[in-house]
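Here is the naming used below: chain letters follow the sequence lines, and residue numbers restart at 1 for every chain. Both backbone and side-chain heavy atoms feed into the values below; hydrogens, waters and symmetry mates do not. Source: prediction; values computed, not measured.
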Amino acid sequence: MKCFEIEKLNLHYGDFHALKNICMNIEKENITSFIGPSGCGKSSLLKTLNRMNDIAEGCRISGDVKLFGEDVYGDMDVNMLRKRVGMVFQKPNPFPMSVYDNIAFGPRTHGIKSKYELDKIVEKALQDAAIWNELKDRLKKSALGLSGGQQQRLCIARAMAVSPEILLMDEPTSALDPISTGKIEELLLHLKEAYSIIIVTHNMQQAARISDKTAFFLFGQVIEYSETESMFTMPRDKRTEDYITGRFG
Amino acid sequence: MKLKNKFYERIMAMLCWSAALSSVLALLFIVGFILVKGLPHIKPSLFSAAYSSDNVSLMPALVSTIIMTFMSILLAVPLGMFAAIYLVEYAGRGTLRANKSVMLIRITAETLSGIPSIVYGLFGLLFFVSFLDWKFSMLAGAFTLAIMILPLIMRSSEEALLAVPDMYREGAFGLGAGKLRTVFRIVLPSAMPGILAGIILATGRIVGETAALVYTAGTVAQIPKNPMQSARTLSVHMYALSGEGLHVNEGYATAVVLLVMVIILNIASAKSAKKLAGGA
Amino acid sequence: MNKTVCLLPVIAALAAVFYGCSSASLASFDRAKDISVVSREDGSGTRIAFIGIFGIEAKSADGGRKDMSTKEAIIKKDTGVLMAAIAGNKYSIGYISLGALNDTIKAVQIEGASASAANIKNGSYPAARPFYIATKADASRLANDFISFILSLDGQAVVAKYYVDVDGSALAYSGGKASGKIVVGGSSSVSPVMEKLKEAYIKINPGATIEIQQSDSSSGLKGTIDGNFDIGMASREFKDSEKEKLIATLIAVDGIAIIVHKDNPVSSLTKEQVNAIYTGRISKWSCIHQ
Amino acid sequence: MTSIKEKVMSRVFLLSALSTVLALALICLFLFINGIPAMAKIGAFSFMLGKEWSPSDTPPLFGILPMIAGSLYVTAGAIIIGVPIGILTAVFLSKSCPKKLYKFIKPGMDLLAGIPSVVLGFFGMAVIVPVFGESILSASIVLGIMILPTVTGISESAIRAVPQNYYEGAVALGAGHYRAVFKVILPAANSGVLAAVILGVGRAIGETMAVIMIAGNQARMPVSLFKGVRTLTANIALEMGYAAELHREALIATALVLFVFILVINLGFAALKKRIK
């Protein structure tokens, strides 16, 4: 079953043609990874799915993107779209508030006021992010005091607190040490049942390990998009093969 | 619930726009008021050389303002710049003793910048006018103003020096240049635009100052022949005219001249600050 | 669209301010309104003279003196600012030197006599006060020469233009051409006439430079005692402590005009009414039946 | 050879830096020498808490409580008017102002900051006083306008210093633009905004020229928003010219009270900032 259907999508930053004629469908309840050299447009596509590109200066989009059949750039309320399509960034960006307020910010934004309910949401989100026992006795402390890995898992918990349907991840582990990276990958595999996950990564082993389908991007185009299994063992396109075998960066 | 968020956004957008609008309207209202009241009275007689009770010329005040500004800048800039050089270049970054002195100097500078101008005027009266017995004079006024703008110049010079990348210093040290040569030949020239912006900002403050000058430089309306003579700046001139009540129109004309000077200073300061941003 | 929505409240507020200003002056004089009393700061010679003339002070048995003016009075530091306050406030009342009168405000009659130099000379206008200059015994030659000019025919002619000149054997000025610099400081009421006298004197004696510091009577006398000024200016009688140290020379007599807003129908007051207003016993214009 | 020049110049730099300390020391010294004896003679309590100020009477009374209250009322009024508009304008300039509009408003605010206080006094006397009379309200409006550019300028730079990824994090959770700005960015910039407010307070409480023209200068406890009041600064400026012996020292003591007031506000704020870090 498809969660995102993308047809003839083009994107320009000023006069730079970042995405050229993208057509692809992204499956529900599995992990899709976007790989490719830096500047190939994989992050731009990710930011188009939850309209985070609207904030970027001079960004023009054409073509259409459908979320469960609804046109994302139509009359859908952008804030509701971002609630349903959560996002985690490359550099962990917890708010300069306590751990509790970080997680509770999303639910409070969307109208949940009662302390009892917020406590429940915060605990569930932290448990889902497998970080509850590390943080349960420092909920009131500032989130900026946590380690890189803890901060990123906090951001994942924060995203999950608004119970999104889809989680977008923009190179979530590139700023983290191997141990934290391992923990997050394990977490993603665990979250796969509840959320459809789309992850942009430089780390091909990571894509091979955790994703069900992979798309390879080059110069703003989708070169190849298939099951991760077949992509890494029998790449159809020579350029995909060169990239996977590390012939170019 | 979705409605509440949309309502919140609408309200906040309105508040921000209205606040910005009222700030702009306040400015236009004041500048418009001054121009409407002052422009018709800008006559050549206003700029004649000598002040007399019939022809209330502001030329002496204009000349005194320029001299006063020049004297206070001459006093405050070297001190302020050297102080900034000490704080940025010389204060031992690590050693405790240096840190304590840096902290002391920073807190003092911050306190000095918070002192009201009437307290400066009083201090000037007590110290320069009576204790040093300079009587009401340009010198007393200039020294008082110099202390007032010292923290301003120190802070802007410090920021300008900090903006100079360390690699310039390392490059110069690498060639065997001493600290002094590096500071004067490499660091200062590239920080100069920022320092200049600070000086111009300080000049803006001097031009607008009255309370501190009334008690130190006095209110004599003639062009002073030497620094020991009393003289009034444009702002003091405007205050004195409003006091006498006979020449309120000339007061508004003086306000227009003051406004023009402030505009020129702001443009000059923005230009030199841009030069700093545009690369050393 | 939301931008225009938020422009409306701000424009409405500003329109109200404008309307507020214009309507205030159009509406007729409402007698029920409070009198807003305006006075000068403590050290002003005009104030000390005014309080003396209208008896707004209480003398206690042990020689103590208490200023009985109401604490509600708005205080203005100079003649000009006070006149601007009267011209800007329909229900205000104030007092200034006769010489500073102009058409932005209206002077009221006191005890039936209008405020003019003639009425002061013939004594019908009760509110008059002396203009003194003060010097120490060791005043410089230039200072004495300048004073002799002021008391001379030409000096008194300058004074007569605005104030009441001092009769006396006013001989033509025949002083020597003393050069050098003197500083004249003190009352803001005396300063205007002193500027005129200085300009007239400089024409005759260009070698002299005279610096005029405008502040108020008490600081003028104090400055002369301290030596900061060569000649002090005061628009009030000297205190005993000042009499001992200074030589007082009367150079002119000036009236104190009680002024009100031009739209104010009241055009005559008795000394008793002025006293009642300034001590706060009368607070509304309705209490003054014309 | 150069090492001597180095040593000398580094001494010169140090001395210039210490010149600020010398200046502050001199100011404190002269204010205390001339102010403290008066406080002692009048009695610190009856001076600071006395409600009656009549220096020319015999026996004179020197109570500056009305002036302290006056300064507080006027400064509070200025804060109530100047700070909200200033912060909202700062948010507008930093987060929702179109580029071409910014090019006009920013220099405008710098000009508003440059307008001398005597000019603002004229404006207040001719425009605000006819409407609201010589009162706390008029003084608060004019002082509010005076501190507006200070609060806006510093708040704006504090808001701009907050990392952009906080904003992105909030928006990615479905928060609207203004909710993200007011609930995440502004709280994150609170120490900068607080510094702006403190500077605004310092400027408002230290203002003299504009206040004297429009505040009414009645030396009695504040009565109502529409009645005038005398501030500490006005008290000094009104009477400093002619004050003699004890009266003059009482005015210097008033300046001392004002000076200590400012010192306490600045040091209190510095301590607060250290605690936030």
Side-chain angles (χ1 to χ4, degrees), chain B residues 5 8-9 12-13 15-17 19-20 22-24 26-27 30 33-34 79 82-83 85-87 90 104-105 107-112 114-119 122-123 126-127 147 150-151 154 178-180 204 207-208 210-211 215 235 238-239 242 251-252 255 258-259 262-263 265-266 270, chain D residues 2 5-6 9-10 12-14 16-17 19-21 23-24 26-27 30-31 34 85 88-89 91-93 96-97 105 107-112 114-120 122-123 127 145 148 152 176-179 182 202 205-206 208-209 233 236-237 240 252 255 258-259 262-263 266 270:
Chain B
N5 268 354
Y8 179 92
E9 292 297 303
M12 281 308 174
L15 279 179
C16 286
W17 274 90
S22 31
S23 309
V24 169
L27 170 71
I30 294 172
F33 169 76
I34 296 292
L79 270 177
F82 283 2
I85 289 172
Y86 172 76
L87 287 177
Y90 280 82
L104 174 70
I105 292 165
I107 289 183
T108 319
E110 221 168 86
T111 318
L112 275 179
I115 295 178
S117 50
I118 185 82
V119 173
L122 214 53
F123 166 71
L126 294 175
F127 184 64
I147 301 177
L150 191 55
M154 232 174 86
K179 194 154 183 68
L180 211 55
V207 165
T210 37
Y215 298 105
S235 299
M238 196 177 149
Y239 174 66
S242 83
Y252 283 118
L258 265 171
L259 220 53
V262 168
I263 292 172
L265 287 173
N266 280 0
Chain D
T2 54
K5 213 163 85 175
E6 294 274 352
M9 280 310 282
S10 73
V12 166
F13 293 141
L14 176 62
S16 329
S19 63
T20 55
V21 180
L24 186 61
L26 270 176
I27 292 177
F30 270 80
L31 284 182
N34 289 287
I85 296 180
L88 284 173
T89 311
V91 166
F92 174 81
L93 285 177
S96 45
C97 171
I105 297 183
M109 294 307 278
D110 295 341
L111 175 58
L112 194 57
I115 293 183
S117 52
V118 92
V119 172
L120 274 178
F122 259 55
F123 169 75
V127 174
I145 295 174
L148 193 57
T152 305
H177 169 68
Y178 284 102
R179 176 172 282 279
F182 281 97
I205 209 165
T208 321
M209 284 305 143
T233 54
I236 300 167
M240 193 62 208
I252 296 167
L258 185 62
F259 177 65
I262 303 271
L263 225 58
N266 280 350

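- Looking at B:F33, the atoms closer than 4.5 Å to chain D (heavy atoms on both sides) all sit in the side chain, from C-beta outward.
- Proximity to chain D is limited to the side chain of B:I147, based on heavy atoms less than 4.5 angstrom apart.
- Side-chain atoms of D:E6 come within 3.5 Å of backbone atoms of B:K179 as a donor-acceptor pair (strictly under, hydrogens ignored).
- Of the two parts of D:I262, only the side chain, counted from C-beta on, holds a non-hydrogen atom closer than 4.5 Å to a non-hydrogen atom of chain B.
- No other option in B:T111, B:L259, B:L265, B:I107 has as many heavy-atom pairs under 4.5 Å with chain D as B:T111.
- In this structure, chain D has a heavy atom under 4.5 Å from the side chain of B:I85, while its backbone stays farther away.
- In terms of non-hydrogen atom pairs under 4.5 Å with chain B, the most contact-rich of D:I236, D:I145, D:V91 is D:I236.
- Checking side-chain atoms of B:S117 against main-chain N and O of D:G206 turns up no donor-acceptor pair under 3.5 Å.
- Between D:P116 and B:V262 the shortest heavy-atom distance is CD-CG2, 4.4 Å.
- For D:D110, the parts sitting under 4.5 Å from any heavy atom of chain B are the backbone and the side chain alike.
- When heavy atoms are compared at a cutoff of 4.5 Å, D:S10 approaches chain B by way of both its backbone and its side chain.
- Considering only heavy-atom pairs separated by less than 4.5 Å from chain D, the leading option among B:L126, B:I105, B:V119 is B:L126.
- Both the backbone and the side chain of D:L112 come within contact range of chain B, judged by heavy atoms closer than 4.5 Å.
- No part of D:L93 comes within reach of chain B, as not one of its non-hydrogen atoms sits under 4.5 angstrom from that chain.
- For chain D, the nearby part of B:I34 is the side chain; its heavy atoms alone come within less than 4.5 Å.
- Within the 4.5 angstrom heavy-atom criterion, no atom of D:I205 approaches chain B.
- Both the backbone and the side chain of D:I85 come within contact range of chain B, each with at least one heavy atom under 4.5 Å from a heavy atom of that chain.
- Contacts between B:F123 and chain D at a heavy-atom distance below 4.5 Å involve the side chain alone, from C-beta outward.
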